There are 2 protein chains.
Amino acid sequence: MARATLESVARHAAVSRQTVSNALNAPHLVHPDTLTRVRAAITELNYRPHHAARTLRTRRSQLVGARIEPWRDGVNGAVLDRFLQSLTARAQADGQRILLFTADDDEQECAHYEDLLSGLDLDAFVLHGTHADDRRTAWLAQRRVPFVTFGRPWGSTGTHGWVDVDGAEGTRAATRHLVAAGHRRIAFLGWPEGSEVGDDRRSGWADLALAAGLEVRPGYDAGVADGLGTGRTAAAAMLDLEVAPTAIVCASDSLALGAWTELTARGLRPGADVAVIGFDDSTTAAVVGLSSVAQPLDDAAAACLRMLHDVLETDRPRGVRGDDADRSPEAGPAGPPDPVLLSPRLVVRASG
Amino acid sequence: MARATLESVARHAAVSRQTVSNALNAPHLVHPDTLTRVRAAITELNYRPHHAARTLRTRRSQLVGARIEPWRDGVNGAVLDRFLQSLTARAQADGQRILLFTADDDEQECAHYEDLLSGLDLDAFVLHGTHADDRRTAWLAQRRVPFVTFGRPWGSTGTHGWVDVDGAEGTRAATRHLVAAGHRRIAFLGWPEGSEVGDDRRSGWADLALAAGLEVRPGYDAGVADGLGTGRTAAAAMLDLEVAPTAIVCASDSLALGAWTELTARGLRPGADVAVIGFDDSTTAAVVGLSSVAQPLDDAAAACLRMLHDVLETDRPRGVRGDDADRSPEAGPAGPPDPVLLSPRLVVRASG
DNA sequence: AACGGTCATTGGAGCGTTCAAATCAGTCTT
DNA sequence: AAGACTGATTTGAACGCTCCAATGACCGTT
């Protein structure tokens, strides 16, 4: 059976091509009676609009590009994986699709943008892992390509829409929870200074430690590379202090699980003897009973797509070609959408 | 600057549209001198073929669909993540792109196939997580849609191309390694019988235990749901046996890490006192020093795409429309490509 | 009864590409 | 020297869709 086209549906419903097209894309333009007749024909012939033909005409592909990472560390990899999963599900519900690509660095990523834009007419991109002076956002903004980032534009004056999870709020909540449980000596086990995400998470702990007048001793603030091994040795050093902390807030589950391992090795019970709270709520944390700060990845993905939707609406009002110079005046530049900063959720388990 | 088209390139090189098209798709048809001239024009105008237009004409989109999982367990999720990453990279190098979609079950997945095929003209699919009587493969095969699976067609007589990793070979290698190290009482900690992948991994251990005449006592073969907690309790039960095993081969890293945790809790050193070997080579395994069987995911992805390439070549010789009935005779049905069964690699670390 | 106005619908054109057939040299046959 | 053949290139059509301008039909107003 040959594929159904607008033409064949039109013949079947005794109307014109354009009316069928309108029934699909602008139902308010077509008479109710005609509408039902057309819709019947559509289902009967099992018609599906042909994506490529539509793209060719409208310059909209309903495709959103997302980079998949070459493999960072265990924790972040899993986070991206879950984010992508949510993104795919949300986009799908909205008639859009996620197209994957890889790149070794930001420069190569920009080159891929070029390919994907002129070759596949991608509508937009979702970036992640933003950092200060990110050339990717500059590249896209300059060319007026719609995009949003999962991750705020650290430092630089971001003129684009972004969605992020408030890391400081997460560690603050963790620390607050520990304070409420009676802890006064709460340490922070994070990454070396200089990583934006790490510094942010550290600041939440530091804020509350100051505000609550906690007993912060030298050695209560460690910064090591992410990993179970490094986390374990750093935790060991804390426990060996003359006055050891009674709780440790960590910048990642890897570090927290390292601390957890060290505790159990010493015969200490996480939670009962020394509290530990991780970050990212990995499945491992769930299994061993490690409290952790969970990022609302599904909400983040939804927010990204909602924002993208708005950007696409305001940017190209009604199929206007990208002829630069003369943008339709009534739409205006409209400025970037309001950023979204989501609060993470503290998942309390046995460890704290 | 308006986008370059075949037309504009043609004018610039003083040839016709079609010659430029040929220079790209069938260089042997065009005169060497003309070729260089056209190529110069292409680079000068920064021309990129327009994907949608080509798809509209040729019915080939260069797009391959892959399903991203709604989140299984930690281990399998990571495996899929790494596989997708490799798949994306390999496809990209070959001029193809990976398009993501999600589905709650096999039936819904088939519905998506329909959408993706007639709407987006997807060229092919890569499936994973195959099982006996998989309706997805039946659906695709019946409609003659090109696809390969990562995972063999368990039980059913698969008439499609597939790539898989030999799980039995992995556990066999692990067991062999332990035998070589002098172990005689080697237990297996796996999943309940009935899961195809789990049974396969168990069989490798069972094979070698028989062949090497190992001392397999009651309780040396456990089957529990995947997870750290379940693994730990199952391992505890083994260690409590009157004659405990000196080594444990596991069906997953989750189980192995559970066993590992139980060992350290008892003051036993993994490797020195009781050997433990996991499966899937997770990052956690790497960090804690757990030996594990690594799946060659990058090779698997490459094999999938190579196979897909072959299927696409033989199936639609030269842009032939899918008019069923009259397939070009010289190509013939050609049958499914030879399956690829990859051997996993045992990564030996401190634990065994 | 002629006029402007809204609503529903229509036909033609064009998006950028490839296919199929046609053209036009030049070379080899007989 | 006329025909058949090869190789390089061109032209028109088509893929399925949406944009745009135009067409009637029907309404109320002057």
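Lettering of chains follows the sequences in order, A, B, ..., and the numbering in each one begins at 1. Source: prediction; values computed, not measured.
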* Separation of A:Ile42 atom CD1 from D:dC17 atom C1', in whole Å? -> 13 Å

* Do A:His160 and A:Phe147 have their ring centres less than 6.0 Å from each other? -> yes

* Asked: For C:dG16, does OP1 or OP2 lie under 4.0 Å from any side-chain N or O of A:Arg59?
  -> yes

* To do: Tell whether A:Arg48 reaches the base of D:dG16 with its side chain through a donor-acceptor pair below 3.5 angstrom.
  => no

* Structure fact -> B:Arg17 has its side chain closest, among D:dT9, D:dC17, C:dT17, to C:dT17

* Return yes if the base of C:dT17 and the side-chain atoms of B:Arg54 contain a donor-acceptor N/O pair under 3.5 Å, otherwise no. => no

* Is the distance from OP1 or OP2 of D:dT10 to the nearest side-chain N or O of B:Thr19 less than 4.0 Å? -> yes

* Rounded distance in Å - CZ (B:Arg57) to P (C:dC15) -> 16 Å

* D:dT18 phosphate, OP1 or OP2: any side-chain N/O from A:Asn25 under 4.0 angstrom? -> yes

* Is the shortest side-chain N to carboxylate O distance from B:Asp106 to B:Arg135 below 4.0 Å? -> no

* Asked: Thinking salt bridges, do B:Asp298 and B:Arg82 make one under a 4.0 Å N-O criterion?
  -> no

* To do: Figure out the CZ/C1' separation between B:Arg11 and C:dG16, and round it to whole Å.
  => 13 Å

* Under 4.0 angstrom between A:Thr5 side-chain N/O and D:dG16 OP1 or OP2 -> no

* Structure fact -> To the nearest angstrom, the CD-P distance between A:Gln18 and C:dC7 comes to 18 Å

* Give a yes/no on whether any side-chain N or O of A:Thr34 is located under 4.0 angstrom from OP1 or OP2 of C:dT9. => yes

* Can you check whether A:Leu84's main-chain N or O pairs, donor with acceptor, with A:Thr88's side chain at less than 3.5 Å? -> yes

* Asked: Should A:Ser21 be listed as having a side-chain N or O under 4.0 Å from OP1 or OP2 of D:dT18?
  -> yes

* **Euclidean distance, atom CG of residue A:Leu24 to atom P of D:dC17 [Å, nearest integer]** => 9 Å

* Structure fact -> From CG of A:Asn22 across to C1' of C:dC7 the rounded distance in Å is 12 Å

* Structure fact -> In whole angstroms, the gap separating C1' of C:dA13 from CG of A:Leu56 amounts to 13 Å

* Asked: Is B:Asp115 salt-bridged to A:Arg48, going by a charged N under 4.0 Å from an acidic O?
  -> yes

* **Nearest-Å distance for atom pair CG/P, residues A:Leu29 and C:dT6** => 15 Å

